[in-house]
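The structure under discussion is supplied below as structure tokens; questions concerning it will follow.
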Amino acid sequence: MNLLRLFLGAAMLPVFFAHAQNPIKPNVADISKSKDLASSINTTVQGQTNSASRLNTSQIRPASGDATMTTYDGKTSFNGKAVCQGTSEFMRMLVQPAANGDLKLLNIMQDTDMNGSLNMTSSPGWNISVVCSNGFQTCSDANNAATCKSWAWVADAQTYQLGRKSVAMSDLGGCYCINNSCGNNLAWNNLGQVLNDLGGGASQALSKANPWFTLSQIKVDGVSASFVGGETASCSMGDSKNFFGTSDGKKILNYQDNYNAMKTDAGDATTTSTAYKMITNGSLNPNEQSDFRNCDITRSVALNEPTLNDVISFDGGEGTVQQCGADCLQLVLGRLGDDYWSGTCKYFEVTSNFFVKQPDRIVNATLINAVFDDWMQLWAGDKVVWSGPYNNWSDAGPVPGACELGKSWNQNPNMDFKQYLNKEGQISFKIRVEVSGKGEGYALVRIKTDLSCKEGNENVTNTCTAYENDRDCQLVDETVDGVKTFTSSINTGLIPLAQTQVVQGNFCSIAVKRDWFKKKRTYRCNTRTDNNFDNIIARKAYVDKTVTPGDYKDKMFSNGNVTYGAGELFE
């Protein structure tokens with residue numbers, strides 16, 4: 001069963017049935033009475049639910065056991081407790097904002113034996129520059145993460161004394177800076193939220209050591225915060241028995257180990273509870289003039305995880321691309337084989353085209369082999385980059401010597417070839433060979449590639465654009481990567497620290513750091529439709545102009561059409 005739905009339903013039933021005892025007869029007098037009665041009920045409901053404070057008094061406090069639940073008309077009282085009642089203070093924190101914006105944690109007082117009194121006091125004197133959901137950071141320069149030390153809340157399993165332990169920065173979550181390097185007076189201006197976040201994380205650590213340290217309420221008074229625990233064993237739904245045998249009872253016990261899960265589930269419940277929406281979104285309020293709209297802004301970073309074919313590929317002519325290892329490619333320039341040409345002092349040319357897709361992925365490239373008979377040139381574009389066998393044939397003219405050398409050559413130039421592959425796009429190579437008798441000509445280029453993961457394209461999906469551009473919509477709440485930056489239309493000044501996410505691919509992963517990844521927003525948008533009185537004014541003006549002591553003329557508007565009429569004033 002849904003706790004929120006049940007206690008709201010229980011509270012609302014007496015309202016709707018309190019006046020249903022006497023049947024209403026369908027006559028004019030009773031119809032008038034019904035309208036008055038409905039108006040009275042509506043006024044009563046609005047009076048009990050038209051603000052957060054009234055809703056807290058009439059519903060939330062009675063449901064938590066802090067007060068007696070009553071019907072909206074105040075005539076009937078009953079036990080409407082639906083959750084555990086928090087009655088025992090188990091921790092108190094005293095802080096002092098420093099001149100540099102840090103908070104100094106002066107004292108922590110604890111009730112370690114759960115007898116209702118604070119029996120242990122420590123004075124840690126920790127400086128807090130960054131507040132996180134499960135710990136904090138101390139920094140000499142909050143803008144430089146290298147100067148920060150990360151701490152997570154811990155509690156001794158035997159004595160329950162609260163402490164801290166050094167952790168990696170990635171082990172903390174929902175962090176935001178309060179130091180003056182990030183803004184002025186952030187700690188002072190948001191002291192309530194800061195103490196809530198610090199105490200929430202500390203309470204999680206305590207509940208792991210002992211599940212009976214269950215946080216149910218946080219009371220902030222200036223620079224002091226008091227943390228109240230729930231009497232978990234007394235949880236009940238009204239006067240029901242064996243509550244903890246139910247799924248809801250077990251869920252509440254699980255909240256002892258996960259404070260944030262309780263907040264998340266409560267938020268989820270408000271989105272699915274019809275009763276909650278009726279009260280808070282105005283379905284029970286005929287004067288409601290606005291709706292709340294939720295939207296997200298999400299940043300996603302793609303993973304560039306290439307294959308060998310994503311680096312360079314064959315693009316026509318004679319030749320090919322061969323794989324020679326996990327990160328190795330071999331380009332064949334020309335035609336593999338032996339004695340496929342013949343002639344006397346005859347010249348042959350072969351073109352090999354390749355397309356370089358990611359030149360930054362080419363670590364090195366080497367001309368490792370040249371096979372030919374009798375002379376050969378290797379052209380890159382319009383330039384000779386190598387020639388054999390003597391590396392002295394450097395132009396488009398004839399060979400600089402005898403055509404017939406009477407030998408087949410297999411040379412290893414080992415020449416750096418990367419400079420010819422360093423631009424994205426198509427590149428053309430040409431093999432020019434002089435043959436006397438029979439001959440062949442081709443070259444091999446060995447390429448070492450970098451197939452490591454790299455950041456790819458970044459994309460931001462914004463479902464808030466319509467509300468951002470609507471003058472009738474106002475930003476009410478915003479949470480950026482778990483940090484509350486707007487609350488009740490007020491900018492908190494808190495900014496989340498840069499977040500790191502791991503993007504996982506098929507064969508590798510990479511850590512990506514950004515200022516933010518997820519913004520969750522709530523806008524209040526005016527939905528009131530103003531009445532247009534232009535036609536009424538025009539009709540009155542026409543009647544005023546045409547009326548006489550005995551008759552009148554009329555001008556009527558309906559669905560965009562205009563009709564005229566007339567009549568006698570006295571019949």
Side-chain angles (χ1 to χ4, degrees), residues 84 86-98 102-114 116-139 148-169 171-178 187 190-230 232 254-264 482-484 494 497:
C84 310
T87 60
S88 177
E89 181 186 25
F90 66 87
M91 182 175 62
R92 189 183 302 165
M93 286 184 176
L94 180 64
V95 299
Q96 178 182 347
D102 284 1
L103 274 186
K104 182 178 285 292
L105 185 53
L106 298 178
N107 296 107
I108 301 176
M109 291 156 277
Q110 295 179 245
D111 175 9
T112 58
D113 52 12
M114 293 177 287
S117 62
L118 301 173
N119 65 305
M120 179 184 291
T121 300
S122 60
S123 302
W126 300 327
N127 289 322
I128 300 172
S129 309
V130 174
V131 178
C132 303
S133 61
N134 59 334
F136 58 90
Q137 290 181 332
T138 302
C139 309
C148 296
K149 182 75 172 177
S150 300
W151 306 95
W153 292 109
V154 292
D156 186 90
Q158 303 299 323
T159 65
Y160 308 136
Q161 182 173 2
L162 193 65
R164 64 178 185 175
K165 71 173 181 178
S166 178
V167 296
M169 186 180 299
D171 291 335
L172 299 178
C175 298
Y176 56 89
C177 172
I178 59 174
N190 301 278
L191 195 55
Q193 180 176 335
V194 169
L195 288 172
N196 267 270
D197 293 338
L198 288 173
S203 299
Q204 285 187 55
L206 285 170
S207 66
K208 288 180 180 179
N210 186 334
W212 295 109
F213 286 113
T214 305
L215 180 65
S216 61
Q217 189 176 11
I218 301 176
K219 301 176 182 178
V220 178
D221 182 11
V223 293
S224 175
S226 177
F227 303 90
V228 177
T232 314
N254 290 333
Y255 291 153
Q256 296 166 357
D257 296 324
N258 195 340
Y259 168 69
N260 285 328
M262 180 171 64
K263 294 195 297 185
T264 300
V483 176
K484 200 76 168 177
L494 301 176
L497 297 183

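Basis for what follows: all heavy atoms, side chains included, without hydrogens, waters or symmetry-related copies.
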Leu118 CG to Phe90 CZ distance, which is reported to the nearest 0.5 Å: 10.5 Å
Contact check, side chains of Met93 and Leu103, non-hydrogen atoms, under 4.5 Å: no
Donor-acceptor under 3.5 Å (Thr138 side chain, Asn127 main chain): yes
Donor-acceptor pair, side chain of Asn196 and main chain of Ala225, under 3.5 angstrom: no
Minimum heavy-atom distance between Ala205 and Ala155, given as atom pair plus value: O-CB, 3.6 Å
Lys219 backbone acceptor or donor facing Ser226 side chain under 3.5 Å: no
Closest non-hydrogen atom pair between Ser203 and Met91, with its separation: OG-CE, 3.9 Å
Approximate separation, where rounding is to 0.5 Å, of Cys177 SG and Asp102 CG: 8.0 Å
Leu172 to Gly135 - nearest heavy-atom pair and separation: CD2-CA, 4.2 Å
Gln110 CD to Ser122 OG distance, which is reported to the nearest 0.5 Å: 6.5 Å
Euclidean distance, Gln161 CD relative to Met120 CE, rounded to 0.5 Å: 4.5 Å
Interatomic distance, Leu94 atom CG to Asp221 atom CG [nearest 0.5 angstrom]: 10.5 Å
Asp111 side chain reached by Tyr160 side chain, heavy atoms, under 4.5 Å: no
Closest approach of Val131 to Asp197 (non-hydrogen atoms, all atoms of both residues): CG1-CB, 3.8 Å
Non-hydrogen atoms of Ser129 and Cys139 that approach each other most closely: OG-N, 3.1 Å
Candidate pair Leu198 and Phe227, rule side-chain contact (heavy atoms from CB on, under 4.5 Å), full reasoning: CA-CA 11 Å; Leu198 288 173; Phe227 303 90; over 6 Å; no
Reported CG-to-CG distance for the pair Asp156 and Asn210, which is rounded to 0.5 angstrom: 12.0 Å
Heavy-atom closest pair, residues Leu191 and Val95: CD1-CG2, 4.4 Å
The single option from Arg164, Gln137, Lys165 passing side chain to side chain donor-acceptor pair (under 3.5 Å) against Ser150: Gln137
Flag side-chain contact, heavy atom, 4.5 Å: Phe136 against Trp126: yes
Non-hydrogen side-chain atoms of Trp153 and Leu206 separated by less than 4.5 Å: no
